[in-house]
Amino acid sequence: MSVDEAKLSLRAEAKARRQAAFQLHGRQAAEELAGPGLGFLGVVPPLIVSGFQAIGDEIDPGPLMEGLHGQGFQLAFPVIAGKGRPLVMRSWSPGEALEVRTWGIAEPLPSAKEVFPDIVLVPLLAFDAEGYRLGYGGGFYDRTLAQLRAKKRVIAVGVAFDEQRVDAVPRDVYDQPCDWVLTPSGALKCGENI
């Protein structure tokens, strides 16, 4: 089985697992993520943290981002620049307008300043102990992390329900691992026997 076929097979299972976790934990999981914030990273404001707008049954990083803003971190959200291209990260603060665009995702307005985040919160369908994640198959975050990591040190933090962990995510040479995965039960440092 090719890597693409293995990912496709796991994607269907992972979607079902995430949906079940969402139904079981709902909004409470988002609040549990927000509790410790990003203290496990040992970082301080005013670093830039790029989050995401949860869609469907994704775990919601919204309360976490609100807490980070209150601590003085600068926030950003991704903007889809086109198929096969990295995401563009644009500055955003609570209360600023967003517009619904591709796939119903709310994005900052085109007038918002482009930024290069220090920390990227990454949505996912499944993750493993090495930090590899299964996404939706568009490669947006892999391209984005590769581009950002070529410019500076960037910490990628996958955001997930505990139930989304799997033994191994099929990977290809272009797949970018997360440095950490944050779940309602806590932060997991990738690659260190989590």
Only distances under 3.5 Å count here; give the side-chain donor-acceptor pairs of residues 49-59 to other protein atoms, sequence neighbours excluded, each with its distance to 0.1 Å.
from  : atom 1 : to     : atom 2 : distance (Å)
Asp57 : OD1    : Arg18  : NE     : 2.8
Asp57 : OD1    : Arg18  : NH2    : 2.9
Glu58 : OE1    : Ile55  : N      : 2.9
Glu58 : OE2    : Tyr136 : OH     : 2.8

| field | Contact list for residues 145-154, test side chain to side chain donor-acceptor pair (under 3.5 Å), sequence neighbours left out | value | Asp118-Lys152, Arg149-Gln176, Arg149-Asp179
| request: Only counting residues at least two apart or in another chain, list the ones meeting salt bridge (charged side-chain N to carboxylate O under 4.0 Å, His left out) with Asp142. | output: none
| message | Strictly by ring-ring contact (aromatic ring centres under 6.0 Å, His included), give each pair with a member in residues 10-38 just once, sequence neighbours left out. | response | none
| query | Residues two or more places apart in sequence or in another chain: which of them pass ring-ring contact (aromatic ring centres under 6.0 Å, His included) with Phe40? | reply | Trp180
Determine all donor-acceptor pairs shorter than 3.5 Å in which one atom belongs to a side chain in residues 30-38; sequence neighbours excluded.
from  : atom 1 : to    : atom 2 : distance (Å)
Glu32 : OE2    : Gln28 : NE2    : 3.4

| ring-ring contact (aromatic ring centres under 6.0 Å, His included): which pairs involve residues 80-100, sequence neighbours left out? | Phe77-Trp92
| task | Report the residues that fulfil side chain to side chain donor-acceptor pair (under 3.5 Å) with Glu114, sequence neighbours left out, ordered by chain and then residue number. | result | none
| ring-ring contact (aromatic ring centres under 6.0 Å, His included) contacts in which one or both residues fall within residues 151-178, not counting sequence neighbours | none
| message | Check whether Phe127 forms a cation-pi arrangement with Arg165 (NZ or CZ under 6.0 Å from the six-membered ring centre, at most 45° off the ring normal). | response | no
| query | Between CG of Leu10 and CG of Leu134, what distance do you get to the nearest 0.5 Å? | reply | 5.0 Å
Tell me which donor-acceptor pairs under 3.5 Å the side chains of residues 93-105 have, and how far apart each pair is, sequence neighbours excluded?
from   : atom 1 : to     : atom 2 : distance (Å)
Glu96  : OE1    : Ser93  : N      : 3.2
Arg101 : NH1    : Glu107 : OE1    : 3.2

| What pairs meet the side chain to side chain donor-acceptor pair (under 3.5 Å) rule with one or both residues in residues 60-76, with sequence neighbours excluded? | Arg27-Asp60
| task | Determine whether Leu182 and Leu64 make a side-chain contact, defined as any pair of heavy atoms from C-beta on separated by less than 4.5 Å. | result | yes
| field | Salt-bridge present (Lys7, Asp175; N to O < 4.0 Å) | value | yes
| task | Applying side chain to side chain donor-acceptor pair (under 3.5 Å), name anything that partners Thr183, two or more places apart in sequence or on another chain. | result | Asp162, Ser185
